[in-house]
Amino acid sequence: MMKEIETRIKEVVKDLFTQNKIDLFIGYSKGSLPLTSSPCFITKSEDIEKLVWNSFCSNNLAVYLPRIFNPQPRKKEKIELPRIGILAKGCDARSIVVLIKEHQIARDNVFILGIVCQGMGDRKKIRNDIEITGAEEKNGRITIVDENKKEIELKREELLSDCCIECQHATPPIHDILIESGNQRPAAPKGGGRDFEKKSIEDRWNLFQEEISKCIRCYACRQACPNCYCRECFADQTKPRWIGVTDHISDVMFYQIGRIFHQAGRCVDCGACVRACPMGIDLRVFTHKLVRDAKELFDYEAGVFLEEGLLLATFKPEDKQEFISEP
Amino acid sequence: MIEEKIIKKNRLNAMLQELSKEYSIYIPAGENGDFRFCELRDTNDELVFWDYRNTRISPKEILFPHSEILYEFSRDESHQFSISQNNDDQRKMKNVILGIRPCDARAIGFLDRVFIGEPNERFVDPYYLKRRIHTIIISLACNRPQISCFCTSLNGRPDGEEGADIIAFDIGEEILLKTVTEKGKEFIKESSKWLGNVKKSDIDKKNKIFKESAKRINSRVSVEKVKEKLDDSFEADFWNEIHRKCLGCGICTFLCSTCHCFDITDETSADRGKRIKCWDSCMYPLFTLHASGHNPRPNYKERMRQRIMHKFNYCPENFKELFCVGCGRCIRNCPVNLDIREVINQVSQLK
């Protein structure tokens, strides 16, 4: 099935270039390590062959759109916006919806090639001490080869990212063309974050500190997140400087709390921050709490309906207010 | 005169216990293949790093920590200023770093050139020097290279000695220690009661294991022309393409064992403050942002170019060495798989 989707992607992109509908296509190419794919920028039809589709096309490609439409530094002359084709899984498309609603993307300049996603794998699900020297994906099974040429066969499902296991939006809510992927994976019950929520405030705080203490402030979580498009992040501001520069837990927590809370009502639970973190911090424990709060308190899911107002910019008389006094 | 000695693995704890009276001992600690250098607190703990591959974050953090307070300053009621050197660093001044991989030991040799330089150098980083000068580096020859390892393309070897005072070889039940520097020899002499003499069979065993290990490093890049090619490529079109997928995070620079850029910041309140040195990254816009608001490296392109140029052109110019040891951390951890080997290959092929 993966191969057929890949062929279909190439056909569509070829047509887009032939009909001069786009200047740039953002998809995935083969990664340099087993079980990876890499974001890929196609500007001419000769390069279309580089495109791939497999179980490791996990990057949220929407992250590249704001920087293309709002280049830094601001140009004085009005620049002509490029026309961009982009491959979008459910979560990528939800990010695109958020970005359109937040006026970061010119919708008319984006051609969305949607794919009904089967969930993406995470290399980190395999223990770090197993050195994967090769991998092959076939009929829903992934065979990895270790350094002693031993083959280990895994079901695709065993490697799925946590966010993909719990994903409720495999189908892109917005698209110009949609590629179906056959048998739809049933969405798993929503479970993420529940354990965290059940803990006492004190335990939650301790768990947060423990997890966040691994942070080295490389800002990969921020840079991988499509929602983090601020021209200047509060963590980088110097006039005034809001946060100390050290890796001391108080400075790190300030950054993380700030970034995480900026995701309230905006996070689409794509898992980009978790995947990017080089220190293995499970940031999703915290962002997912916001996702659940948005859903449970306001029946709101980010990036699902283009016409719906933004959660934090909309007031309804029946909005719940308990959360203000009850943490 | 090189000295080779042998110690049984099960006697090492006793030796470390005695050493810990005088030295702070740093070892790779962790589980499930996920390691980081930590100070050994309990010398009864079983040492589990013999088969580890490498630490996620490079051991440069021991000598060049993410952030350190250089000094504190304050003002009293009569507006008298006073400065106090940071004294909260209570650690003993003598360190042993045990188990560092040869690639990372070599990288510490590079950092020495940057922060200490030649003898009688004018510009010495006293904060680095105070840690470095009393540090003994006992590297652990690499028996489990990864597919992202390419040290052999950069003059390194899984049993390379550069940067280490002593190199240790795991030959099964025992560890073979080989001295590299005078400092190492002195250290071996001090610890001689724990050490036995090497037999010919031990050396044979060692040679066999590490010949095998070198064979496992199959990833090769050609670096011969990189410096020269970069000399004329500052304006090349190549940079317009190569940076495109870069997210602009600091993973590659922070995890790198040779990256050494830092920032100095004052954190002040009404009448007191601290001067702090902390890691910085050329991948961040703030790195070059001027007070005027102008930024000479405004985009991802310029920042990525700087990283490559610094490692493969400016450092070879200044220190006669490519500032990459082929540890592969940036390859394994880049969130978009922007592989430095591919960048090097593309640079080598520039017209």
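Reminder, nothing fancy here: chain letters follow the sequence lines and each chain counts from 1. Side chains are part of it too, since the values below use all heavy atoms of this structure and drop only hydrogens, waters and symmetry mates.
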Option from D266(B), I264(B), I276(B) for which side-chain contact (heavy atoms from CB on, under 4.5 Å) with V245(A) holds:
I276(B)

Decide yes or no for L24(A) and R244(B): does some side-chain heavy atom of the first lie under 4.5 Å from some side-chain heavy atom of the second?
yes

Atom of A220(A), atom of C249(B) and distance for their closest heavy-atom approach:
CA-CB, 3.4 Å

Nearest 0.5 Å please: distance from the CG atom of L289(B) over to the OG1 atom of T238(A).
6.5 Å

Taking side chain as C-beta onward, heavy atoms only, is N337(B) less than 4.5 Å from S32(A)?
yes

Mind listing the closest non-hydrogen atom pair of L247(B) and Q223(A) along with its distance?
O-NE2, 2.8 Å

Quick one: CD on E267(B) to OG1 on T246(A), what's the gap to the nearest 0.5 Å?
6.5 Å

Side-chain donor/acceptor of Y284(B) to backbone N/O of C218(A), under 3.5 Å
yes

Which portion of Y64(A) sits near chain B, non-hydrogen atoms under 4.5 angstrom
side chain

Looking at K245(B) and S38(A), what are the two nearest heavy atoms and their distance?
NZ-OG, 2.5 Å

Determine whether H66(B) and R217(A) satisfy the following criterion, side chain to side chain contact (heavy atoms under 4.5 Å, CB included), listing intermediate values before the conclusion.
CA-CA 9 Å; H66(B) 179 286; R217(A) 292 184 73 169; 4.2 Å; yes

Which bit of S58(A) comes within less than 4.5 Å of chain B, counting heavy atoms only: side chain, backbone, both or neither?
neither

Heavy-atom pairs under 4.5 Å with chain B are the metric here; pick the option from L61(A), L33(A), I132(A), I26(A) that has the most.
L33(A)

Quick one: do T265(B) and R241(A) satisfy side chain to side chain contact (heavy atoms under 4.5 Å, CB included)? Show the steps, please.
CA-CA 11 Å; T265(B) 311; R241(A) 186 181 274 290; 3.8 Å; yes

Over 12 non-hydrogen atoms of neighbours within 6.0 angstrom of CG in D237(B):
no

Step by step, would you call R53(B) with E131(A) a side chain to side chain contact (heavy atoms under 4.5 Å, CB included)?
CA-CA 9 Å; R53(B) 293 179 192 280; E131(A) 184 66 1; 3.5 Å; yes

Using a cut-off of 6.0 Å, state whether more than 12 heavy atoms not belonging to K125(A) lie near its atom NZ.
yes

Hey, could you give me the CE/CZ distance between M279(A) and F254(B), rounded to the nearest 0.5 Å?
11.5 Å

Whatever's closer than 4.5 Å to a heavy atom in chain B on D236(A) counts as both

Between CD on residue E31(B) and CZ on residue R127(A), distance to nearest 0.5 Å:
9.5 Å

Check this for me, if you would: do E147(A) and R216(B) make a salt bridge, where the nitrogen-to-carboxylate-oxygen distance has to be below 4.0 angstrom?
yes

